[in-house]
**Student:** 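Here you go, one structure.
All heavy atoms count here, side chains included; hydrogens, waters and symmetry mates do not. Labels below follow one simple rule: chain letters A, B, ... track the order of the sequence lines, proteins then strands, and each chain is numbered from 1.
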Amino acid sequence: MKNTVLFLIFSGSVAFANQPKTISLHEVVNRVGSINFKVYENALKVYQAQTQIQKARWDLLPKLNLWSIAGMVIDPFSIVEKIPEVAPFLVPGNWFRLEEVKLLYLAEKEGYRALWGNEVFIAKTLYKNVLFDEQLLHHVQSSIVEFEKIHQIIKTRETFGGAPAGSARDFEIKLLGLKQDEQNLIVLLAQEYDEFTYSLGFSTEENIKLVPVKIPEIASLKPVDPKDYEFRLLSYSPERRQFDHFLSVLSQIKKEIHFSFLGVSQISQGVAGGIFDGFPIPNGAGLGMGSAVKIVDTQKEIMKTQKLGVEETLKRQLRAVGIQYNSDLANYEIFKRRVQLSKESKNALIRRLQLGENISVLELSESSRNQVQSETALYAVQYRVMTSIDRIQRLIFEGDYSMNPPLIDSLKGQKP
Amino acid sequence: MKKFLFLVPMLLLLTGCLSEEEIRSATEDLKAKRAETIKVIEAKDYSLNGLLKTHDYFFAFAEKVDLMLEEEKAKKAIQALVKELGVKGFCESFIVPNSTWRILENHCSGGSFYKCSPEIKEYKSILAKFKEIAGPELNLKFQAEVSCD
């Protein structure tokens, strides 16, 4: 009795543990912000960049160095050469460096926002791909059931001489092709599922079930004009905005060079400052100053050119998704009509076959294949429209992308 | 000793002048962007190029306000500039008044989604933040001046 009770409790808990956990598309967005490894890593870099500002500010205050103090006691006039240590706030370069660190923090935030947006988009696309392939698999499995029924009919007809010899075999080849497609889809689904659950930080033991998404009323959607979105696209683009912050950093570096005769800053530019590491800041006013300024000016031109490149790339991406989206909307009725007609054609042939008519196996399998393909194309266009809408939202940071990545809010005065 | 007593104040003077110079050179650029922005809004030039010009101003303004946060020297430099140009002169050089911004904002908000940049959307609150940084005394003067509103 005791063993029975224990067994019931154990099997109940196992069954409960294997209960699939459901996740919706909305929950995916929230989860990417908090669990995704790349996003979390970048959030920590933003936190580092923010902390760097505080450090740069504190570095403006005098530092305690016993050897310097001893030197000043022995020789009071040596205080002048100790000013960068004793009174760093007197070195203009340190103030400019503080401004650079603040600007680089802003740039790092933009980079984080871009990464977060990309990870959310990837996770949402994977989610929809899994649902699409699940629907496709279900469709293929239904078609296999139907093909098997037709195959039985043809086999029976062939046995009694009602169909040419070899008809059943020829039809079975088509049926086996469908079964191969089924197996390929099962493997693909397993891979997509793994990739999806990994991106959301689920363990391999967890059984996740995706909540179906509501297919939008595609017939009621309006085509888009990419030109309407261009300014929003460019002004919100974190890739472009990063360049604007970097150009401001270069202006500060130029000032550092001009005032280097009053000392060079030793303050680090922080995690985001790596791209400016190679800039020569002369230690004092010398003949090298002019060249150093020219290097900065040239880098400004390089970055402006790169910024133009980014703008063109973004506009092209918007245009490409707009063209695809508008094309899918325009052709949606065609896809629906094709499904309707292919269904009618196949059903008519099956009815004739069941009534004893001599139907060509080739014609029947062709008709069945048309129906499978047309329904697949209709599902594909539905999911493609949803992905296009999501892509446009990602490009202009609208909808799910309009909120700040979660960890940034927790950076306001607190550690994540 | 005399040299020492001479050098330290000179250094202090130089670094003090630099902070004001730094604000001045930063806002010269802002002056030009502001003028372009007013021109674009008054001409209702809502082409991509026109809007990008307005974005240059609003972005630069927001960036400078971000840099000024928690910096006491920024407040002093703004006060020095206002003293030099007067409140009206300062605002007519560097600030886009809310009434002008609203014209652009109406264009941005018309439609199924917001068409413009986050800095344009948040300009009112960014301008309020700037006035706070300038200090309570200047804030009152800004509020009393039409071109600063």
Side-chain angles (χ1 to χ4, degrees), chain A residues 53-54 57 60 76-80 83 86-96 98-103 105-107 109 113 222 224 227-237 240-241 244-245 247-248 251-252 254-255 258-259 261-263 311 315 392-393 396-399 402 404, chain B residues 1-19 21-23 25-26 28-30 46-56 58-60 62-74 77 104 107-108 110-121:
Chain A
I53 298 171
Q54 197 57 33
R57 214 175 261 131
L60 290 168
F77 287 101
S78 69
I79 192 173
V80 177
I83 280 175
V86 171
F89 52 86
L90 290 178
V91 177
N94 286 334
W95 290 97
F96 299 132
L98 172 60
E99 301 294 273
E100 288 164 31
V101 168
K102 286 185 203 173
L103 288 164
Y105 164 63
L106 295 175
K109 278 208 297 184
R113 193 163 64 93
K222 299 269 180 295
V224 298
K227 293 246 175 265
D228 288 343
Y229 295 86
E230 268 181 353
F231 179 55
R232 170 77 190 241
L233 165 77
L234 296 180
S235 63
Y236 263 80
S237 159
R240 187 179 178 275
R241 290 162 67 91
D244 283 335
H245 290 309
L247 287 167
S248 300
S251 300
Q252 297 296 329
K254 212 165 159 181
K255 287 175 200 167
H258 281 134
F259 290 99
F261 66 94
L262 285 167
E311 285 176 11
K315 284 198 265 187
I392 291 172
Q393 287 181 337
I396 66 172
F397 282 85
E398 180 74 356
S402 60
N404 275 329
Chain B
M1 192 61 187
K2 277 185 190 170
K3 282 183 193 170
F4 175 76
L5 287 170
F6 173 73
L7 272 168
V8 171
M10 276 302 296
L11 278 167
L12 283 164
L13 192 69
L14 272 168
T15 51
C17 289
L18 279 167
S19 65
E21 177 58 39
E22 177 194 322
I23 295 280
S25 66
E28 277 304 317
D29 176 56
L30 194 63
Y46 301 135
S47 65
L48 180 63
N49 281 336
L51 288 171
L52 283 173
K53 283 178 188 167
T54 65
H55 171 67
D56 282 345
F58 291 107
F59 183 88
E63 193 183 63
K64 278 159 188 39
V65 169
D66 261 329
L67 293 179
M68 284 184 220
L69 286 172
E70 296 173 46
E71 297 298 337
E72 189 55 36
K73 71 178 188 121
L104 177 62
H107 163 76
C108 297
S112 56
F113 66 97
Y114 188 77
K115 293 184 204 138
C116 301
S117 70
E119 285 77 22
I120 293 173
K121 194 175 186 184

**Student:** At what distance, to the nearest 0.5 angstrom, does CD1 of A:Ile53 lie from CG of B:Leu67?
**Tutor:** 9.0 Å
**Student:** Mind checking whether B:Phe59 and A:His245 have ring centres under 6.0 Å apart?
**Tutor:** yes
**Student:** Of the backbone (N, CA, C, O) and the side chain (C-beta and beyond), which part of A:Lys222 lies under 4.5 Å from a heavy atom of chain B, both, or neither?
**Tutor:** neither
**Student:** Is it the case that the side chain of B:Tyr46 and the backbone of B:His107 share a donor-acceptor pair, with hydrogens and angles ignored and the cut-off at 3.5 Å?
**Tutor:** no
**Student:** Can you tell which part of A:Ile396 gets under 4.5 Å to a heavy atom of chain B, answering side chain, backbone, both or neither?
**Tutor:** side chain
**Student:** Which region of A:Leu98, side chain (C-beta onward) or backbone (N, CA, C, O), has a non-hydrogen atom less than 4.5 Å from a non-hydrogen atom of chain B, or is it both or neither?
**Tutor:** side chain
**Student:** May I ask you to name which of B:Leu48, B:Ile120, B:Leu69, B:Asp56 has the most heavy-atom pairs under 4.5 Å with chain A?
**Tutor:** B:Leu48
**Student:** With a 4.5 angstrom heavy-atom cut-off, is it the side chain or the backbone of A:Glu230 that approaches chain B, or both, or neither?
**Tutor:** both
**Student:** Taking all non-hydrogen atoms of both residues into account, name the closest pair between B:Glu63 and A:Ser248 and its distance.
**Tutor:** OE1-OG, 2.7 Å
**Student:** Do A:Arg113 and A:Phe397 form a cation-pi contact, if we require the NZ or CZ to be under 6.0 Å from the six-membered ring centre and within 45 degrees of the ring's axis?
**Tutor:** yes
**Student:** Side chain, backbone, both or neither: which part of A:Arg57 has an atom under 4.5 Å from a heavy atom of chain B?
**Tutor:** side chain
